[in-house]
Amino acid sequence: MLLEPDTENEVAYELCQLLGRAILPVHTAGDPGTAFFLDHPGGGFLLTADVVAAQARWLGLRPSVTEPTGTAGESLTLTDLPARWVRDARLGVAVLPAAALHGFAAGQGWRWRVQPVPAAVAVRADDLAGFGAGPVTAIVLALGVGVDGARPLEVAVERAVRDGDSLRIAAALPAGYVGAPVFGVRPDADGEIGLRCLGVVLPGDGAPGDGHPVATLDRVLAALPAT
């Protein structure tokens, strides 16, 4: 669904309020990325793009996502965790079981204070089919990269288009956005607008103007490992 500009801004603002603490900065040996917590009946996960996980070194711990204040420090080295990324090169995504993250935090005397993306808002195959061939509003919630290396919370309002049976964001995104969640809206049977998490931002193909493919969340959920 393609929203009016004012409505896009309203949805983007609400996303920051509702899910701003779902996302974490990922520091890597190469280009930085974003990861986000996903709640799921089978167990929670931290989800990102495979290319980000392949080079990930540590997670940035934003002050708003841990408690008590000042206990967790500024980062979490991934080699300290008892679990590793489960990578799926075919889909282009990777997941880290949230249980490992919560267990590590408990052992260090702090807790996560996050807002996971609920699986209930994951896009379904019929949602994608209903988008048709025209562009739809795609709102990316990510941690960008400041000139000083800071990772501020940012929102990019773009357009997504069908690419065969997949989705593609039709614009290049700033540094740090790969691995971030993409959101859209879809009217329900009563005409009410419902939020959908469309999927995960994947790296662009390198050609100018090609934008970014999206690993749609319906396929990601179907391929999640058992916890």
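Side chains included, hydrogens not; waters and symmetry mates left out as well; all remaining heavy atoms used. Here, residue 1 is the first one in the sequence, and each next residue gets the next number. Please read these numbers as outputs of a predicted model, since none were measured by experiment.
The shortest distance between side-chain heavy atoms of Leu167 and Leu198 falls below 4.5 Å. At a threshold of 4.5 Å between non-hydrogen side-chain atoms, the residues Leu38 and Pro116 do not count as touching.
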Residues Leu173, Val140; criterion side-chain contact (heavy atoms from CB on, under 4.5 Å); working and verdict:
CA-CA 9 Å; Leu173 293 169; Val140 184; 4.3 Å; yes
Go through the steps to decide whether Ile23 and Leu153 satisfy the test side-chain contact (heavy atoms from CB on, under 4.5 Å), and finish with yes or no.
CA-CA 9 Å; Ile23 63 176; Leu153 179 63; 3.4 Å; yes
Between Val182 and Val200, is the side-chain contact (heavy atoms from CB on, under 4.5 Å) condition met? List the steps.
CA-CA 6 Å; Val182 187; Val200 184; over 6 Å; no
Should Leu143 and Arg62 be marked as a side-chain contact (heavy atoms from CB on, under 4.5 Å) after you check the CA-CA gap, both sets of side-chain angles, and the distance that decides it?
CA-CA 10 Å; Leu143 294 165; Arg62 302 159 56 209; 3.9 Å; yes
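The pair Glu8-Arg159 meets the salt-bridge criterion, with a side-chain N (NZ, NE, NH1 or NH2) lying under 4.0 Å from an Asp/Glu carboxylate O.
Distance check: His212 NE2 to Ile169 CD1 gives 7.0 Å after rounding to the nearest 0.5 Å. With rounding to the nearest 0.5 angstrom, the OG atom of Ser64 is 8.0 Å from the CD atom of Gln115. In this structure, CG in Leu24 is found 11.5 Å from OG in Ser75, a value given to the nearest 0.5 Å. Taking OG1 from Thr69 and CZ from Arg113, the interatomic distance works out to 8.0 Å, rounded to the nearest 0.5 Å. The distance from atom CD of Glu14 to atom CD1 of Ile139, rounded to the nearest 0.5 Å, is 11.0 Å. Residue Thr34 holds its OG1 atom at 5.0 Å from CZ of Arg151, rounded to the nearest 0.5 Å.
Nearest heavy atom pair, residue Ala56 against residue Thr28, reads CA-CG2, 3.9 Å. Here the closest non-hydrogen pair linking Pro32 and Val145 is CG-CG2, 3.6 Å. Considering every non-hydrogen atom in both Arg219 and Ser166, the closest pair reads NH1-OG, 3.5 Å. Residue Leu91 comes nearest to Ala215 through the heavy atom pair O-CB, 3.6 Å, listed as atom of the first residue, atom of the second, then distance. Summarising the geometry of Pro152 relative to Gly146, their closest heavy-atom pair is CD-N, 4.0 Å, with the distance given to 0.1 Å. The shortest non-hydrogen separation linking His27 to Leu59 is CD2-C, 4.5 Å.
Just one residue in the list Val52, Leu47, Val93, Leu78 forms a side-chain contact (heavy atoms from CB on, under 4.5 Å) with Trp85, and that residue is Leu78. When the options Phe36, Phe37, Phe183 are evaluated for a side-chain contact (heavy atoms from CB on, under 4.5 Å) with Leu19, the one that passes is Phe183.
No single ILVMFWY cluster, assembled from side-chain heavy atoms under 4.5 Å apart, contains both Val201 and Val51. Residues Val26 and Val95 do not share a hydrophobic cluster, defined by chaining ILVMFWY side chains whose heavy atoms lie under 4.5 Å apart. Hydrophobic clustering, with ILVMFWY side chains joined whenever heavy atoms are under 4.5 angstrom apart, keeps Val178 apart from Trp58. Cluster annotation: Val117 is not connected to Leu101 through the hydrophobic network of ILVMFWY side chains, with a link wherever side-chain heavy atoms come within less than 4.5 Å. Cluster membership check: Val11 shares its hydrophobic cluster with Val157, using side-chain heavy-atom separations under 4.5 Å among Ile, Leu, Val, Met, Phe, Trp and Tyr.
Here the side chain of Trp112 pairs no donor or acceptor atom with the backbone of Val65 at under 3.5 angstrom. Checking side-chain atoms of Arg57 against main-chain N and O of Thr79 turns up no donor-acceptor pair under 3.5 Å. With Arg84 contributing its side chain and Leu81 its backbone, the two residues share a donor-acceptor pair below 3.5 Å.
When the shell of 6.0 Å around CG of Asp218 is examined, it contains more than 12 heavy atoms from other residues, nucleotides or ligands. Heavy atoms from other residues, nucleotides or ligands lying under 6.0 Å from CD of Gln17 number more than 12.
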